[in-house]
Amino acid sequence: MPELPEVETVRMGLEPVLAGRVLSKVLLRRADLRFPFAPKFAERLTGARILALTRRAKYLVAELSTGDTLVMHLGMTGRFHVQVRGEAAPHLIGDYEYATPGGDKHAHVVFDMEDGTRVIYSDPRRFGYMLLIAPDEIAMHPALHGLGVEPLSDALDAAYLARHAAGRKTDLKAFLMDQRTIAGLGNIYVLEALHAAGLKPSRGASTLATRSGKPTPAAERLVAAIKDVLKAAVLAGGSTLRDYRQADGSTGSFQNTFRVYGRAGEPCLTPGCRGIVRRSVQGGRSSFFCPVCQH
DNA sequence: ACTGGATCCTGCCTGC
DNA sequence: TGCAGGCAGGATCCAG
């Protein structure tokens, strides 16, 4: 599920539960997610206080009092559930619940906080992962090192886009999906932003720059569209596809606002446009765009 | 150096 | 109803 708006929504939901609190027990119900857990993963977390819960790109980042940093990626299907003490379902009470926390066979990691709150990480496809990074590794760790700019920061502007797009042979969609350029966009928000900017996904990325490397009008429109789409999605609590839920069980609503994603065959929603949204496949995954108003 | 394709894993939906 | 096939929001690895 999660692109930047969803991860930010999860972060906001978990922050009051985790930030400032101490981990009293960490249970791993298997040895790996996408990658094996670091040696002594649970031991190194136990007793640590979470100083802050931040987000970088699609990563949740927990700074710990021990100096270690817990970096979590939700992959495609990762999610967190929060159980507040006293509110757990009756069949979950006691250590027995660790067999299948919340009755969820994909509950892979259980964090118990000192105040009795329990946070469960569940991930059916196990494309997610958790890294525990020591202080001397954090600066150059491959997960974080080399990430591109945060799209909602001032570092993303038309000049930045033009500089990175100049001379590239790839198309706009692949260019925007590349986390080394802009960190946090995924399939949905790339397609929504391209539609809002009136640019088709198969257009060459190099068209964002003039021959002298200056931003074109397309680059200006694209930057504005990316920021607008992401801001609106964060405000809506992200998108809820399938049965994805936020930490508190509520659902985001931005999916109701999709203008092209998943709308093949339906009318384009650009005012005055009579186009029909088309689906294509780029790089093995779906694209959606309007052949009339995107060029 | 870049680029496109295959790939990890499970669940769900569609169509026969 | 059962089952095969296709598809899914990510990101890395590999070959060309």
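- In this structure, the nucleotide among C/dG9, C/dG10, C/dA11 sitting nearest to the side chain of A/Glu6 is C/dG9.
- When heavy atoms are screened at a 4.0 angstrom cut-off, A/Arg180 is found touching no nucleic acid atom at all.
- B/dT7 is paired with C/dA11 under the criterion used here, namely a Watson-Crick or G-U wobble arrangement in which both key atom distances are under 3.5 Å.
- Nearest nucleotide to the A/Lys105 side chain, out of B/dG11, C/dG10, B/dT3: B/dG11.
- Between A/His106 and the phosphate of B/dG11, there is a side-chain N or O to OP1/OP2 separation shorter than 4.0 Å.
- Residue A/Asp154 places its CG atom among 12 or fewer non-hydrogen atoms of other residues, nucleotides or ligands, all under 6.0 Å distant.
- For A/Thr170, whose side chain is taken as the heavy atoms from C-beta onward, the closest listed nucleotide among C/dG10, C/dC7, B/dG4 is B/dG4.
- When the P atom of C/dG9 is taken as reference, atom CG of A/Asp123 falls 15 Å away, rounded to whole Å.
- One can place NE2 of A/His141 at 14 Å from C1' of C/dT12, the figure rounded to the nearest angstrom.
- In this structure, A/Asp171 places its CG atom 10 Å from P of B/dG5, rounding to the nearest Å.
- The residue among A/Arg279 and A/Ala143 whose nearest nucleotide of DNA chain C is located toward the 5' end is A/Arg279.
- Within the 3.5 Å criterion, the main-chain N or O of A/Met12 finds no donor-acceptor partner in the side chain of A/Glu15.
- For C/dG9, the OP1/OP2 oxygens have a side-chain nitrogen or oxygen of A/Arg285 closer than 4.0 Å.
- Across all non-hydrogen atoms, the minimal contact from A/Pro201 to A/Asp171 is O-CB, 3.6 Å.
- Aromatic rings of A/His108 and A/Tyr121 (six-membered ring for Trp) have centroids beyond the 6.0 Å cut-off, not under it.
- In this structure, A/Arg168 reaches the B/dT3 phosphate: one of its side-chain N or O atoms is under 4.0 Å from OP1 or OP2.
- Checking the phosphate oxygens (OP1, OP2) of C/dG9, a side-chain nitrogen or oxygen of A/Tyr261 falls inside 4.0 Å.
- The A/Lys169 side chain lies nearest to B/dT3 when the options are C/dC7, C/dG9, B/dT3.
- Rounded to whole Å, the distance from NZ on A/Lys173 to P on B/dG5 is 12 Å.
- Distance CG (A/Leu172) to P (B/dG4): 12 Å, rounded to an integer number of Å.
- With C/dG9, B/dC9, B/dG11 as the candidates, the nucleotide lying closest to the side chain of A/Arg125 is B/dC9.
- Distance A/Phe175 CZ to B/dA1 P: 19 Å, rounded to the nearest Å.
- Comparing B/dG5 with C/dC7, their P atoms are spaced 15 Å from each other, to the whole Å.
- C/dC7 atom C1' lies 14 Å from atom CD1 of A/Ile188, rounded to whole Å.
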Are A/Arg55 and A/Glu150 close enough, and set up right, to give a side-chain contact (heavy atoms from CB on, under 4.5 Å), and what steps lead you there?
CA-CA 10 Å; A/Arg55 179 192 57 75; A/Glu150 283 290 323; 2.9 Å; yes

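- In this entry the distance linking CD1 of A/Ile182 with C1' of C/dA11 reads 17 Å, nearest Å.
- Taking atom P in both C/dC14 and B/dC9, the straight-line distance is 16 Å, to the nearest Å.
- Residue A/Arg126 places its side chain closer to B/dC9 than to any other of C/dG9, B/dC9, B/dT3.
- Salt bridge annotation for A/Asp32-A/Arg30: present, with a cationic side-chain nitrogen under 4.0 angstrom from a carboxylate oxygen.
- A residue-by-residue look at A/His73 and A/Phe288 shows that A/Phe288 has its nearest nucleotide of DNA chain C further toward the 5' end.
- With distances taken from any side-chain atom of A/Lys58 to the nucleotides C/dA11, C/dG9, B/dT10, the minimum falls on C/dA11.
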